[in-house]
Every structure is written in C-alpha cells, then in structure tokens.
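Worksheet: one structure, shown below.
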Amino acid sequence: MAASTSFPRDFLWGAATSAYQIEGSPLADGASPSIWHRFSHTPGKVHGGDTGDVACDHYRRWREDVGWLRELGVNAYRFSISWGRFLSGGRGRPNPAGRDFYSRLIDALLEGGIRPVATLYHWDLPAELDDAGGWVARDSMHWFADYAEAAFQAFGDRVPMWATFNEPWMTSDSGYLRGVHAPGHHSAAEAALVAHHLLCAHGGAVQRFRSLRRGAIGVVVNLEPKHPASDDPRDAAAAVRADAYMNRQYLDPIFFGSYPVELRECFGADWPAHDERDFELIGQPIDFLGVNYYSRGVTRDDPSDLPMRAPRASVPDVERTGIGWEIYPDGLREILVWVKARYGDLPLYVTENGAAYEDPGPAGDIVEDPPRVAYLRRHLAAARQAIAEGVDLRGYFAWSLLDNFEWGYGYSQRFGLLRVDFADQKRTMKRSGLFYREVARTNGRVMIR
Ligand code: FCB
C-alpha cells in the first residue's frame with residue numbers, strides 16, 4: 001500500500017550492537033567485571049558455557065568494524081558504553097584506557113560520516129555495584145546518574161544522541177524476576193523495585209544531560225502488541241495485563257507520572273510503596289523514544305504464572321525465525337501507531353529489529369541469507385506504513401551489525417548483517433548486508449514494490 005510514501009529525508013539508517021555482546025576483553029586495561037561476566041562464567045547459565053571473553057573481539061578490531069559500517073553505507077551506529085570499562089568498579093574518575101577506546105571509536109565514526117548513538121546501559125552493571133545491592137538498592141539511581149554525567153563530560157561534545165537504558169523491562173523481568181539474565185534473581189518484589197529504580201536512574205541521567213549538554217536524549221524500550229490467544233475473555237484480560245507489564249510499566253510513569261493499575265493488582269504485597277516525588281524525576285521530558293521490535297506477544301490466561309498470570313502462548317503453524325520467534329511484521333506498524341496514539345507525537349526510532357537464522361557458511365566472500373533479507377524487507381515495509389499513518393519515525397537500526405554473544409543463547413544465534421567466524425574472527429558480508437546497503441543508499445526506495 002501507499003507506494004508513494006517514502007522515508008523522510010535525513011532518515012537514520014543504522015546498525016546496532018552492545019558492549020558485552022561484541023567487545024570481548026572484558027577485563028583489559030583496567031576494566032572491571034560486569035554482572036554478565038559473572039553470570040556467563042557461572043556453569044549452566046549460558047548455552048554451551050559461552051562467555052563474552054572474546055565475543056567479536058571488537059575491543060581490538062574496532063577499526064575494522066568501523067570500516068564495515070562504512071562498507072554498509074549506514075549513516076548512524078548505535079553502540080553501548082560498558083560502564084565498568086569506562087569507570088572501573090562503576091564509580092569515580094574515568095579509566096583512561098576505557099575512555100580512550102570509546103573516544104577513538106566516536107572519532108572514527110564521525111570521520112566516516114556515521115552518527116554515533118550511544119546507549120549508557122545495555123545490561124552490563126559493574127559487578128562491584130551488584131555487590132553493593134545492584135538495582136535493588138535505591139542508591140543505584142545516583143551511581144547511574146554520576147556515571148551518565150561522566151560519560152556526557154567525556155563524549156557529549158561529539159555524541160549527538162543518547163539513550164539512557166536499553167530495554168529496562170528485560171533487566172527487571174529477565175534479570176530479577178525470571179533469573180534467566182544477570183544477575184539471575186527470582187523475586188517479584190525485587191523486580192518491581194528494580195523497575196522503579198531504573199526509571200529514577202533514567203530521569204536523573206536526563207536531568208544531568210540537560211544541565212551539561214545540547215543534543216537528544218531518550219530511552220529504548222522493547223514493545224510488543226499483546227494479542228489474546230483465543231476468543232475467551234480470560235485470554236483477552238490476560239493480554240491487557242501483559243500489555244501493562246511489558247509495554248506500559250516503563251512508559252506510563254515517564255509520560256503520565258503513574259504506573260498502570262494492573263501492576264499493583266497483580267503484584268499485590270510485592271508492589272512497593274513509591275515516594276510520589278520520584279515521579280517528577282522520572283517524568284523529565286525526553287527528546288525521542290527508541291523502540292526495539294522483534295515479534296508480537298500472543299498471550300493466554302494462566303493463574304499459575306505469577307505475578308501477571310499472562311504468559312506467552314505457543315501459536316501453531318506460524319512462520320518463525322531461527323530462534324523460534326514468530327514473524328509478525330504488522331506488529332511493528334501496530335506498536336508504533338499505538339505509541340503515538342497513547343503517548344503523543346514524539347520522534348520515534350526503531351532502535352533494533354532483526355532476525356536470527358542458522359546461516360550457511362560463506363560461499364567465497366558472501367553469505368547467502370535470503371530469509372533475513374525477507375524479514376528486513378517486510379519489517380521495513382511495516383515501518384513505512386506506520387509513517388504513512390502519521391508516525392514521526394526518524395530512523396531504523398538493524399540488529400545487528402555482527403553475529404555476536406546472544407545473552408543466554410551464547411553464540412548459537414546469529415543476528416548479524418555480517419557473519420563472524422568465531423574461530424578466526426573473520427567477518428563476511430551477508431546478502432542481507434548488501435540489501436541493507438541498497439536500502440540505505442536509496443533511502444528505502446529499493447524495497448518499495
Ligand atoms: C534485544 C537486546 C539485544 C539483542 C536482541 C536480539 O532484546 O536488546 O541486545 O539481544 O534482543
């Protein structure tokens with residue numbers, strides 16, 4: 001539909017990564033261990049016992065990787081700063097080697113005409129801060145704001161766009177409730193408290209940014225339209241609860257100054273009392289919202305799945321990517337339109353979207369990955385449709401530049417536009433990378449059919 005609609009001029013065509021997933025050398029040159037370093041070194045936590053010790057060796061190969069970004073022709077690159085590499089132990093003055101690493105990376109990006117988009121927290125809390133209570137401690141909001149301020153001081157003259165947190169819901173849910181991500185806790189009470197501290201930390205960082213720098217700051221959330229698994233009204237109610245938990249838990253406090261009522265009901269005694277004054281901090285105006293989108297969430301009622309009683313339902317006979325996630329491109333359009341309708345007309349970016357497949361090995365200097373090309377094409381069409389419906393979408397970042405350490409899945413899932421051979425670190429362009437290059441070069445016209 002609407003073949004005449006195209007992407008706006010100055011649209012950002014980017015690729016995304018995160019520190020722990022690509023850098024390797026997690027303890028080099030004064031860097032301190034993160035909770036993911038610890039978690040991945042704990043037997044049984046990550047598929048195959050994989051760790052981020054080497055990952056894509058980007059800490060040493062960053063120059064080559066900037067070369068690949070140029071080869072891809074993207075005009076933006078979203079990366080994250082490793083807190084414990086930049087501030088050893090998470091507090092105090094910058095670790096010179098860590099600061100220089102990001103500083104050189106940023107300079108190389110700018111030289112190549114690539115806009116640096118920095119995420120402050122992509123899940124790698126310094127282990128020392130975890131020992132001091134981690135995100136359960138109210139002090140975490142101050143640790144984070146101090147870290148953010150140091151990063152704005154060091155890089156804010158050259159980084160025009162900042163995200164405070166990547167997918168805070170994953171930290172509270174996977175990290176503190178389900179225990180499948182670092183730090184591996186299993187507590188509803190902690191998950192609710194952590195969500196609140198993450199929000200306060202976000203607001204504190206936005207405040208510091210305003211007092212120091214010009215430029216754009218926002219937050220990146222992972223959103224999914226929640227669809228009931230059946231016509232049963234109990235499933236419909238479950239989908240509303242799942243929506244409150246995943247989609248509104250973080251955005252309602254930022255935009256409306258309060259949590260969705262469903263959360264208090266479901267968490268019951270585990271729901272904390274909140275200091276009303278915190279909501280002023282949380283509600284600092286932001287310049288953009290980043291949306292990560294992979295799939296929709298088909299939801300069913302299940303009283304045993306606490307606290308929300310609304311787990312994901314398995315949907316038979318649908319198309320899936322290699323990691324098993326349903327391919328549902330229209331969900332991207334739906335969720336972007338929903339954000340605008342609910343929270344107002346603010347600039348949006350798709351800050352992650354992509355697919356894992358078991359790619360074939362390289363054939364010469366190319367990896368043929370037609371399923372990933374199709375996934376990207378269909379999701380880009382959905383993004384364009386959202387623009388046609390009035391969404392102020394300003395950019396799209398493919399996840400990911402490189403095959404990398406996919407958290408609990410280790411190296412078993414490949415999301416890259418470039419293949420990484422983890423035995424010798426050789427990068428090989430995939431067909432999807434070439435496709436994306438054409439998309440970026442033509443500002444999306446190549447995928448209009
Ligand atoms: C998102 C994460 C990113 C990557 C993708 C596949 O939840 O932000 O680091 O793992 O999923």
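Ligands are counted one by one from 1 in listed order, and the atoms in each one are counted from 1 as well.
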Looking only at N/O atoms, are Trp325 and ligand 1 under 3.5 Å apart anywhere?
-> no
Any luck finding a side-chain donor-acceptor pair between His202 and Tyr121 under 3.5 Å?
-> no
For Trp399, counting its heavy atoms only, list the atoms of ligand 1 lying under 4.0 Å from any of them.
-> 3 (C), 4 (C), 5 (C), 6 (C), 9 (O)
Indicate the ring-plane relationship of Phe144 and Trp83, choosing parallel, tilted or perpendicular according to the 30° and 60° boundaries.
-> perpendicular
Salt bridge or not for Arg248 and Asp243, using N-O below 4.0 Å?
-> yes
Measure the distance from atom 5 (C) of ligand 1 to every protein heavy atom, then report the residue, atom name and distance (to 0.1 Å) of the closest one.
-> Tyr294 OH, 3.2 Å
Tested for salt bridge (charged side-chain N to carboxylate O under 4.0 Å, His left out) against Arg296, the lone hit among Glu326, Glu334, Glu224 is Glu326
Identify the protein heavy atom lying closest to atom 3 (C) of ligand 1, giving its residue, its atom name and the separation to 0.1 Å.
-> Glu352 OE1, 3.3 Å
Met170: heavy atom below 4.0 Å from ligand 1, yes or no?
-> no
Looking at Asn166, which atoms of ligand 1 are within less than 4.0 Å of one of its heavy atoms?
-> 8 (O)
Is there any N or O on His122 that sits under 3.5 Å from an N or O of ligand 1?
-> yes
Can you measure from OH (Tyr294) to CD (Glu352) and round to the nearest 0.5 angstrom?
-> 3.5 Å
Can you find an N/O atom of Glu167 closer than 3.5 Å to an N/O atom of ligand 1?
-> yes
Ligand 1 to Trp407, heavy atom cutoff 4.0 Å, flagged ligand atoms 3 (C), 4 (C), 9 (O), 10 (O)
